[in-house]
Amino acid sequence: MDPTMNELYREVILDHFQNPRHQGVLDEATLTVDGKNPLCGDEIILHLLMDGDGVREVCWSGHGCSICMASSSMLTEAVRGRSLAYAQDMIQAIIQMMHGKGISATVEMGDLEVLEGVSKFPVRIKCALLPWTTLQEGIRSYQRGDHEHASFSY
Ligand code: ZN
């Protein structure tokens, strides 16, 4: 393990990496979205059950570094059962935070605030953002009327 990464492995990130939430495929998914970060080798898939203007369920599968996997786990907890508008506000808040612009007051960041520590390591920002940019692409695709598959790559 890269010794400079140690301070990133705050308790919450480690917990999500070791005990990932909602990991696996979702049989009733109506939309799957692939996300790839070639820079690090992160490859994840979001499995979404969309419901009108909301995300009823979301699971994730794939593999990646600990930051990417922890962020994917946190994403599923943050957006399941939420409206698309809320999910989009959340995505924007995460992108803003990861670019060092602070924490938004418009959404409940909760555990996600720990990802702010990752913003000090530019090479890891894309790892943390991958599930969020992948979700963003999925929502765009859904809103265009494609309810089956979408993909995102840096
Ligand atoms: Zn990564």
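Order of appearance sets the numbers: ligands from 1, and atoms from 1 within every ligand. In what follows, residues are counted from 1 in the order of the sequence shown.
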**Request:** Show all protein N/O/S atoms under 2.8 Å from the Zn ion (ligand 1), or state that there are none.
**Result:**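 The answer is C40 SG, D42 OD1, D42 OD2, C65 SG, C127 SG.
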**K36 with E137: basic N within carboxylate O range, under 4.0 Å** =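 The answer is no: the pair does not qualify as a salt bridge.
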**Request:** Check the side chains of T32 and H149 for a donor-acceptor pair under 3.5 angstrom, ignoring hydrogens and angles.
**Result:**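 Side chains of H149 and T32: pair found under 3.5 Å.
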**Item:** Separation of D42 CG from S66 OG (nearest 0.5 Å)
**Value:**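 One finds 9.5 Å between OG of S66 and CG of D42.
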**Asked** Taking W60 for the side chain and R21 for the main chain, is one N or O donor matched with an acceptor at less than 3.5 Å?
**Response**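 Checking the backbone N and O of R21 against the side chain of W60, a donor-acceptor pair under 3.5 Å is found.
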**Over-ring placement of R82 relative to Y86, 6.0 Å and 45° cut-offs** =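 Verdict for Y86: a cation-pi partner in R82.
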**Message:** With a 4.5 Å cut-off on side-chain heavy atoms, are C127 and N37 touching?
**Reply:**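 Yes; the side chains approach each other to less than 4.5 Å.
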